[in-house]
There are 2 protein chains.
Amino acid sequence: MERPTPRQRRQAATRRALAEHALRLFAERGYEATTVADIADAADVSTRTFFRHVPDKDEAMFAADEDVFALVVEAAAAAPPGTAPLARLLHGVRALAGSAEQDGEVKCARERVLEENPVLRARDLAQQLRWQQQAEAFLRRQGVAADEASLAAGLLLTVWRESYRRWIAASAAPGALGELLDAVVAELPGHLPAPARRARAVGR
Amino acid sequence: MERPTPRQRRQAATRRALAEHALRLFAERGYEATTVADIADAADVSTRTFFRHVPDKDEAMFAADEDVFALVVEAAAAAPPGTAPLARLLHGVRALAGSAEQDGEVKCARERVLEENPVLRARDLAQQLRWQQQAEAFLRRQGVAADEASLAAGLLLTVWRESYRRWIAASAAPGALGELLDAVVAELPGHLPAPARRARAVGR
DNA sequence: CGTCGATGTGTCACGGTGTGCCACTTCGGC
DNA sequence: GCCGAAGTGGCACACCGTGACACATCGACG
């Protein structure tokens, strides 16, 4: 793979600095009360340069964790063949859980900022939708039918969001996300409306 | 219930007019290329008045369907007692389906605009999240445990989104949304990872 | 070492978004 | 018909985001 040019290193450093200062200022004085000029000043660049590294003021916070979902697809592809769609995705998402558990502190702070800023929350949701679409596309590549893949990807996201929510609520204890994931999956059957009805044998 | 004052009627009419012209202009010339002044001019008000009725430019499109979800809660409350949480919500969401099926044309246009405007899509997702939270709160009021209510609300949203997606893909045929809702629910058991495993008998 | 070209940065100007303030009109109640 | 309340428009203003131009920095090459 290509080694990073000194230029690229400088560029990445600037972007990371902007992202850090953005999250810090948003947490300190709120999203609305923080201007782009504030973030740029904190990172010691002009506002014009800010927009050369970050597309929007919103995106400043998310500039770091862009393509984390590649992990999921990679791990999901390693699942044994013949696994049902949702189970395959779950196999992949465990890798994401392991990655997220590394820094529960930051995730909690992030969640606190998202909670009281509808704009940033919307941005977060949009990224989750992109994840769902990537999961669906992955299943399609594996030969799963369109409707089935879409529903499975939707279910995955629901399971993930519920597990993540409980994890944050439990102060992001290290190592607990994986267990919560299993717990939520175990609860799914209890939510089915008509368990006695014909199961329509979709699973292969 | 309180009868609408003439003033409130005027106000609602203005807001509806703004929403209609916003959707039309967004569809015609795109979101970016449409200014607030354009929408305001089309509705024959000043830009200042625009912002008195609509909080953001983004919100213009959604100004109309704000408290549609009240329908869902109302219908869900009418479900027979003893119904499982998700089934109760589904009972309510059928009312929403009936309402949406009235104007499939508009829903299709709306979806087309959302598809190519990340900002508006994010706004749409944020509103869906509010719906989920309202559904959860409703279940809590009915005495459902916190975690169970949250998961059930999440599942409801997934089922709704998947059904709605298929409905739009099928050109929003009138009357088909309800059937698709049932079809998606019927597919759920097939997505469960371990159907033979102990079902943990949560449903009462 | 000096020059050239590429890239990053700053400054300026501009259109669009969203809000506070004040004056004006309009509408409902007396 | 009068008066208070609410909606409306116009103005000024801060912030967001972009295009254009000039300058600084750094690597390549003779």
Side-chain angles (χ1 to χ4, degrees), chain A residues 2-19 21-23 25-26 28-63 113 116-123 126, chain B residues 2-19 21-26 28-63 66 113 116-123 126:
Chain A
E2 68 288 343
R3 55 187 174 179
T5 318
R7 288 218 147 107
Q8 291 174 328
R9 295 192 58 81
R10 267 185 59 84
Q11 206 169 333
T14 305
R15 181 156 45 234
R16 222 178 321 113
L18 284 172
H21 284 114
L23 177 56
L25 290 172
F26 288 170
E28 279 179 14
R29 60 177 90 164
Y31 171 77
E32 300 286 350
T34 306
T35 70
V36 171
D38 293 335
I39 305 174
D41 283 353
D44 209 50
V45 295
S46 73
T47 65
R48 191 65 189 87
T49 301
F50 173 93
F51 286 111
R52 285 206 181 87
H53 289 279
V54 181
D56 296 321
K57 176 185 174 185
D58 312 354
E59 199 74 8
M61 242 185 72
F62 302 92
V113 172
E116 54 194 16
N117 291 106
V119 183
L120 297 177
R121 171 63 76 188
R123 196 69 150 218
Chain B
E2 67 288 345
R3 55 188 174 180
T5 318
R7 286 216 148 109
Q8 291 175 328
R9 295 192 59 81
R10 265 185 60 85
Q11 206 168 333
T14 306
R15 181 155 47 234
R16 220 177 322 113
L18 285 171
H21 284 114
L23 177 57
R24 183 176 58 79
L25 290 172
F26 289 169
E28 279 179 15
R29 60 177 88 163
Y31 171 76
E32 300 286 350
T34 305
T35 70
V36 171
D38 293 336
I39 306 173
D41 283 352
D44 208 49
V45 294
S46 72
T47 64
R48 191 66 191 85
T49 300
F50 173 93
F51 285 110
R52 284 208 181 86
H53 289 278
V54 182
D56 297 321
K57 176 185 172 185
D58 312 354
E59 200 75 10
M61 243 185 71
F62 305 92
E66 263 180 355
V113 171
E116 54 193 17
N117 289 107
V119 183
L120 297 178
R121 171 64 77 188
R123 196 67 151 218

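We use all heavy atoms of the structure for the numbers below, so side chains are in, but hydrogens, waters and symmetry mates are not. Reminder, nothing fancy here: chain letters follow the sequence lines and each chain counts from 1.
Scanning residues 43-53 of chain B for heavy-atom distances under 4.0 Å to DNA chain C yields B/Arg48, B/Phe51, B/Arg52.
By the side chain to side chain donor-acceptor pair (under 3.5 Å) test, B/Asn117 pairs with no residue at all, sequence neighbours left out.
We find that CD of B/Glu59 is positioned 14 Å from C1' of C/dG18, with the value rounded to whole Å. The CG atom of A/Asp56 sits 15 Å away from the P atom of C/dT17 (whole-angstrom rounding). We find that OH of B/Tyr31 is positioned 14 Å from P of C/dG16, with the value rounded to whole Å. One can place CG of B/Asp41 at 14 Å from C1' of D/dG10, the figure rounded to the nearest angstrom. One interatomic measurement links the two molecules: CG of B/Asp58 to P of C/dG16, which rounds to 17 Å at whole-angstrom precision. Taking atom CD of A/Glu32 as the reference point, atom P of D/dC15 lies 12 Å away to the nearest angstrom. One atom, CG of B/Leu18, and another, C1' of D/dT8, lie 13 Å apart when rounded to the nearest Å.
Residues A/Val45 and A/Leu18 have side chains in contact (heavy-atom distance under 4.5 Å, counting atoms from C-beta outward). Looking at A/Phe26 and A/Ile39, their side chains come closer than 4.5 Å, going by heavy atoms from C-beta outward. Within the 4.5 Å cutoff, no side-chain heavy atoms of B/His21 are placed close to those of B/Asp38. Counting only heavy atoms from C-beta outward, the side chains of A/Arg48 and A/Phe51 approach each other to under 4.5 Å. Counting only heavy atoms from C-beta outward, the side chains of B/Lys57 and B/Tyr31 approach each other to under 4.5 Å.
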